[in-house]
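One structure is given here, and the rest of the page talks about it.
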Number of protein chains: 2
Amino acid sequence: MRLSTKGRYAVTAMLDLALNGQDGPVTLADISENQGISLSYLEQLFAALRAKKLVRGVRGPGGGYFLGREADEISIANIICAVDEWVEFTRCQGKQDCRGGQRCLTHSLWDDLSRQIYDFLEEITLADLVERGRNSDAGCHKHKDEDLLDEMTGKAA
Amino acid sequence: MRLSTKGRYAVTAMLDLALNGQDGPVTLADISENQGISLSYLEQLFAALRAKKLVRGVRGPGGGYFLGREADEISIANIICAVDEWVEFTRCQGKQDCRGGQRCLTHSLWDDLSRQIYDFLEEITLADLVERGRNSDAGCHKHKDEDLLDEMTGKAA
DNA sequence: TCAATTCCCTAGTAATTTACTAAGTTATAA
DNA sequence: TTATAACTTAGTAAATTACTAGGGAATTGA
């Protein structure tokens with residue numbers, strides 16, 4: 001699978017929508033300013049999100065975007081797939097050097113892992129994230145990520 | 001977080017090592033041929049893996065690479081972090097438009113999600129994947145991924 | 001009806017990343 | 001001493017990311 005900054009922008013924007021779309025539509029200009037993403041880039045991302053019916057646009061003054069369905073019906077996997085064209089790209093076609101070949105084995109192991117990650121992200125919805133934000137005092141606590149960074153970047157020998 | 005084809009190459013190569021490194025070191029030339037990855041690109045990836053002690057190189061004829069530690073001590077997160085320089089890049093520094101600002105809230109929500117994904121990948125080891133390969137007849141079954149693809153790419157309305 | 005607003009669409013492009021080629025140097029086994 | 005294979009650096013084509021520019025189409029309100 002694939003999880004890039006592009007997917008992050010999309011999730012962030014959708015979160016913004018979920019948080020602010022309660023009373024009326026949210027404009028891309030607002031999201032652009034809120035999240036520090038260029039307006040035109042947002043328009044591209046929302047074209048993809050709209051194509052997958054994850055958002056619904058309303059034109060004209062007072063217009064903007066709504067979520068395309070309830071926040072608990074939109075998974076993180078949905079959002080990332082919409083903008084990142086998550087295609088399966090490792091698939092030996094059953095021919096070639098496939099019998100007993102190592103290549104196919106590792107590929108299918110990767111495919112399994114890829115699927116697991118997908119299933120995991122499929123379980124997390126926008127509503128979950130919003131809920132999480134409500135429970136913590138999330139606004140702007142400085143979290144001590146130094147430990148996390150150490151843990152991530154190595155030394156876990 | 002970040003999960004790209006580069007990380008996939010690294011995981012695939014490490015899997016190859018785990019599968020074939022039982023009796024003697026594995027050369028990059030072998031992995032290159034097995035997995036269809038260019039030799040020089042592998043050398044770049046292994047430079048990063050070596051820096052994080054995930055692999056150990058042996059020079060000279062009969063040389064090659066070993067895993068740097070036991071397969072059950074190497075997580076998928078370890079591998080991806082080694083080659084993808086997974087840095088936290090969304091962190092409002094507690095200043096700026098942070099009080100009550102939406103930007104910080106969505107950023108911290110994304111950070112939480114990012115951490116969750118990391119924890120998930122941290123739980124899966126190379127040994128797990130190898131074990132999974134042993135249990136299935138994994139060599140080269142054609143799996144019907146069309147359903148999966150449908151599921152991934154939309155229509156989940 | 002008209003003007004402002006906002007979504008919507010296309011084309012182009014700088015910056016970055018990916019994946020690779022090329023051309024070496026260094027250590028080691030035979 | 002020679003072949004092997006790890007190591008290293010530099011350069012580069014292709015793809016992706018993120019953005020700019022310049023429109024058009026629908027809708028609201030004056």
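The structure presented is a predicted model; accordingly, all values stated were derived computationally and were not measured. Per chain, numbering begins at 1; letters A, B, ... match sequence-line order.
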(request) Name the closest nucleotide to the A/E43 side chain, picking from D/dT8, C/dC9, D/dA18. (result) C/dC9

(request) Look at the side-chain N and O atoms of B/R50 and state whether any lies under 4.0 Å from the OP1 or OP2 oxygen of D/dC7. (result) yes

(message) Expressed as a whole number of angstroms, how long is the span from A/I31:CD1 to C/dT6:C1'?
(response) 13 Å

(message) Rounded at 0.5 Å granularity, tell me how far CZ in A/R8 sits from CG in A/L3.
(response) 10.5 Å

(message) Quick check: is B/L45 connected to B/L39 through a chain of hydrophobic side chains (ILVMFWY, heavy atoms under 4.5 Å apart)?
(response) yes

(message) Please determine whether any donor N or O and acceptor N or O are separated by less than 3.5 Å between the side chain of B/S40 and the base of C/dA22.
(response) yes

(request) Using a 4.0 Å heavy-atom cut-off across all strands, classify A/L28 as base, sugar-phosphate, or nothing. (result) sugar-phosphate

(message) Can you measure A/L17 atom CG to C/dC7 atom P for me and round it to whole angstrom units?
(response) 10 Å

(request) Round to a whole Å and report the spacing from CD of A/Q44 to P of D/dT17. (result) 11 Å

(request) Would you mind telling me which residue lines up with the more 5' stretch of DNA chain C, A/Y65 or B/G62, judged by nearest nucleotide? (result) A/Y65

(request) Hey, could you give me the OH/CG distance between A/Y65 and A/D30, rounded to the nearest 0.5 Å? (result) 13.5 Å

(request) Please report, rounded to the nearest Å, how far the C1' atom of D/dT17 is from the OH atom of A/Y9. (result) 9 Å

(request) Calculate the interatomic distance between B/Y41 atom OH and D/dA13 atom P; express it in whole Å. (result) 17 Å

(request) Examine D/dT16: is either OP1 or OP2 under 4.0 Å from a nitrogen or oxygen in the side chain of A/S4? Give yes or no. (result) no

(message) Between C1' on D/dA18 and NZ on A/K6, what's the gap in Å once rounded to a whole number?
(response) 10 Å

(request) Just call it for B/T27: base, sugar-phosphate, or nothing, with non-hydrogen atoms closer than 4.0 Å on any strand. (result) sugar-phosphate

(message) Are the side chains of A/Q44 and A/Y41 in contact, using a 4.5 Å heavy-atom criterion?
(response) yes

(message) By the 4.0 Å heavy-atom rule, please label A/F46 as base, sugar-phosphate, or nothing.
(response) nothing

(request) For the side chain of B/S38, starting at C-beta, report the closest nucleotide among C/dC20, D/dC7, C/dT18. (result) C/dC20

(message) Can a side-chain donor-acceptor contact be found between B/S75 and B/N78 if the only test is distance below 3.5 angstrom?
(response) yes

(request) Kindly indicate whether the side chain of A/R59 and the base of D/dA25 share any N or O donor-acceptor pair separated by less than 3.5 Å? (result) yes

